[in-house]
Asks: 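Starting off with a structure, shown below.
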Amino acid sequence: PGQLDPHWAALVHICWRVGVVAMSERYAGADPEPDGAGAADAGAAARGEAHGEGPLSKLSKSNRWQRVHTQVGGSGAGAGGSFPSPRSGHTSFVHRGRVWAWGGYCGDGADADLDHMCSYNPVQQIWDRVAIPHPTYLDQVWPVSISGSTVAVVGSRYAVFLIGFAQLDVQIVEPHTNRIAVLDLATTSWLTTNLLALDDGIRLGYGYTKAEVAQEPRTDLTITPGRQPQCKDKHAACIYKNRMVVFGGWGPRPLEHEGDDFEPADGGDPHGLGWHAELAVLDLAELAHPGVHGGAEVGAAAGFNAEWTFPPHRGIGERPCPRAASTLTRVGDCAILFGGRAKGGRLNDVRRLDLIAMEWSLVAPCTESPRVPIARSWHCAEAVGTTRIFIYGGLSRDLGDDGGGMSLGDAWFLDVPTGIWTELVVPDLGPDSARFWHTSSKVGEDIVIFGGTHTDHDGYVPGVTPVQHETQLASVIQFQSRVPRLEAICQRAVQRAVAGGAMQPEWLHAAGIPRGVAGRCLEYASGECPPWQPLRGGD
């Protein structure tokens, strides 16, 4: 794609629209993988993909991977120091073809500035800084740093964060929370919520009176009073039909609703910390459909409402054990839980949660898989197509019996219906490509891996505790999860050419290309819409 002449690409883009689809197969050298690739049928076996043959194997070579040498846009150039700062434990999400990153631990006592977000354009490979100051009335309770949180995008407009670890100022640490923060992506401003009012003890501890709590400004989002999730971080979450599904985490012993959902740390942690197996669901339908479920647009007389529910664990004998730092990835009508850290060590089991019946089941590895991933935590996972999951990196088991964990740089595909694992060929992407507590975001066919922590050991000797060095990262790795269709190849080439000045929109007009297509090129160049989005009718 990088070698396409931009003028030829624009012309072929027009040809694509009138039906010249056969060129896609010739250009790519392999069938573009359909959305249903990897389904539980004989197709994959017939192509030999499970045994290292066929198109999928050909695409598992190094040309699918890229260690990106990113640039900084105008809004990030004046940020001072490196931008974005190296970090781990942050959150990331996708909005309008860009990857947004927020929070995280930056090492050496530093933390990411929470009054801005980092926005990454994976086509131009440029970072920008987006200022998002918090509401002033929250000055006393807005954290100075967060980590171990999760995020879900609702209605293509709102990013809903469940904050895990929060530091309120440099002296006072309230390690684990269950607070919700909602970012309006249309206005790049925070919605006000009432969740702090549900926790009067914290607020009163910072000089508020009960009267002041009662006089808090009207909230845009009201969390229904009642049972709230346990305070914890390093939980896993996914979004399904405007419901945020959250599982597990690490935090203090719950005061109630304990049952089998909590496993204390060995030796009795002085703070009563341990692993959780709580399953919680936050209904965000009103955010996705204002007015339909009783909500109204922000600024109207009434705001949005959201409510937590706690489905009972079903699937006797198959329910997952309490754990933290796992991943929960939605694939169709189910969520796939993989790995994590539990009391007995790190895990590599796969559990399926039926999101309709809310029942757990075990996904046993297929005997046809020559290898399976080793146990890990703090990895990343993304859904690819309709049946597969991509796994990258993480923190492995301990080195020996007394060493620290080792960061991983391997990558895998899991075909959920069959349970077949396929290890991908990962080229040498640099000494710090192995990482954990990073994030991944799927933008079109590209999976963008950002940040994390890299561990290095000064030689491991059995019986001797190794010297372990940890480095926070700001590097970006991009992986092409599927063969791009010709349309996407051409659109991306046009976007890069217009953004880099190699092509002027006037040239498109002069070449007889319809103004609708030329206008889309301008939108691509500004990064306002993803290059793989189909043209509008009439273009």
Side-chain angles (χ1 to χ4, degrees), residues 75 79 84 87 89-96 98-104 111-119 128-169 174 177-199 202-203 206 208 212-213 215-224 228-229 233 237 239 242 244 246 282-288 290 295-308:
S75 59
R87 67 190 66 196
H90 50 288
T91 58
S92 69
F93 60 93
V94 176
H95 176 61
R96 296 182 67 86
R98 288 175 174 263
V99 176
W100 294 54
W102 188 54
D111 294 286
D113 179 8
L114 295 186
D115 281 345
H116 85 268
M117 288 196 181
C118 308
S119 175
D128 286 299
R129 178 187 176 98
V130 182
I132 308 178
H134 64 270
T136 55
Y137 83 94
L138 291 177
D139 282 345
Q140 289 182 277
V141 290
W142 189 256
V144 297
S145 68
I146 65 166
S147 61
S149 306
T150 48
V151 61
V153 177
V154 179
S156 302
R157 174 169 177 174
Y158 299 103
V160 180
F161 297 86
L162 175 58
I163 298 178
F165 180 98
Q167 182 173 344
L168 294 176
D169 61 34
E174 179 208 343
T177 81
N178 58 3
R179 298 180 178 181
I180 292 291
V182 182
L183 176 65
D184 186 339
L185 297 168
T187 62
T188 58
S189 61
W190 293 103
L191 271 61
T192 57
T193 70
N194 71 322
L195 191 58
L196 294 177
L198 298 177
D199 193 0
I202 293 295
R203 301 204 65 188
Y206 281 85
Y208 283 86
E212 288 173 325
V213 170
Q215 294 173 3
E216 184 178 48
R218 181 194 59 79
T219 58
D220 300 318
L221 178 67
T222 300
I223 306 294
T224 302
Q228 305 295 313
D233 69 341
I239 190 76
N242 303 314
M244 187 176 186
V246 184
L282 181 61
D283 187 347
L284 298 165
E286 289 192 10
L287 277 178
E297 289 287 359
V298 173
F304 303 107
N305 295 284
E307 182 177 6
W308 285 102

Asks: Please enumerate all residues that pass side-chain hydrogen bond (donor to acceptor under 3.5 Å, both in side chains) together with T150, with sequence neighbours excluded.
Replies: H235
Asks: If we check side chain to side chain contact (heavy atoms under 4.5 Å, CB included) with F304, which of these qualifies: L191, T222, I223?
Replies: L191
Asks: Can you tell me how far CG of D184 sits from CH2 of W190, rounded to the nearest 0.5 angstrom?
Replies: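 The CG atom of D184 is 11.0 Å from CH2 of W190, to the nearest 0.5 Å.
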Asks: Which heavy-atom pair separates C118 from R87 by the least distance, and what is that distance?
Replies: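 Closest approach of C118 to R87: SG-NH2, 3.7 Å.
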Asks: Using a 3.5 Å distance criterion without hydrogens, assess whether the side chain of E286 forms a donor-acceptor pair with backbone atoms of N305.
Replies: yes
Asks: Quick one: list whatever passes side-chain hydrogen bond (donor to acceptor under 3.5 Å, both in side chains) with D283, sequence neighbours left out.
Replies: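 For D283 there are no side-chain hydrogen bond (donor to acceptor under 3.5 Å, both in side chains) partners, ignoring immediate neighbours.
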Asks: To check you understand the geometry: which heavy-atom pair defines the closest contact between L114 and G103, and what is its length?
Replies: CD2-CA, 3.7 Å
Asks: To the nearest 0.5 Å, what is the distance between CZ (F161) and CD1 (I146)?
Replies: 7.0 Å
Asks: Between atom CE of M244 and atom CD1 of I180, what is the distance when rounded to the nearest 0.5 Å?
Replies: 6.0 Å
Asks: So which atom in V130 and which in S119 form the shortest heavy-atom distance, rounded to 0.1 Å?
Replies: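 Heavy atoms only, the tightest pair is CG2-CB, 3.9 Å.
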Asks: Rounded to the nearest 0.5 Å, how far apart are CG of L162 and OG1 of T177?
Replies: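 One finds 7.0 Å between CG of L162 and OG1 of T177.
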Asks: From the options V99, V160, L185, select the one residue that forms a side chain to side chain contact (heavy atoms under 4.5 Å, CB included) with F93.
Replies: L185
Asks: In Å and rounded to the nearest 0.5 Å, what is the CG to CG distance from L282 to L287?
Replies: 8.5 Å
Asks: Kindly say whether A306 contributes a backbone atom to a donor-acceptor pair with the side chain of T224 at under 3.5 angstrom?
Replies: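 It does hold such a pair.
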Asks: Taking only residues two or more places apart in sequence or in another chain, which ones pass side-chain hydrogen bond (donor to acceptor under 3.5 Å, both in side chains) with S189?
Replies: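 S189 satisfies side-chain hydrogen bond (donor to acceptor under 3.5 Å, both in side chains) with T187 only.
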Asks: Check whether any side-chain heavy atom of V182 sits under 4.5 Å from a side-chain heavy atom of D220, and report yes or no.
Replies: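 With C-beta onward as the side chain, the pair stays apart.
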Asks: Looking at every heavy atom in both S92 and V151, which two are closest together, and how far apart are they?
Replies: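 Taking S92 first and V151 second, the nearest heavy atoms are O-CG1, 3.4 Å.
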Asks: Would the distance check show the side chain of S149 and the main-chain N or O of G164 forming a donor-acceptor pair, the cut-off being under 3.5 Å?
Replies: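 Here the side-chain-to-backbone pair exists.
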Asks: What distance separates W102 CH2 from I163 CD1, expressed to the nearest 0.5 Å?
Replies: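 The CD1 atom of I163 is 4.5 Å from CH2 of W102, to the nearest 0.5 Å.
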Asks: Is V154 close to I239 at the side-chain level, that is, under 4.5 Å between some pair of heavy atoms?
Replies: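 In contact.
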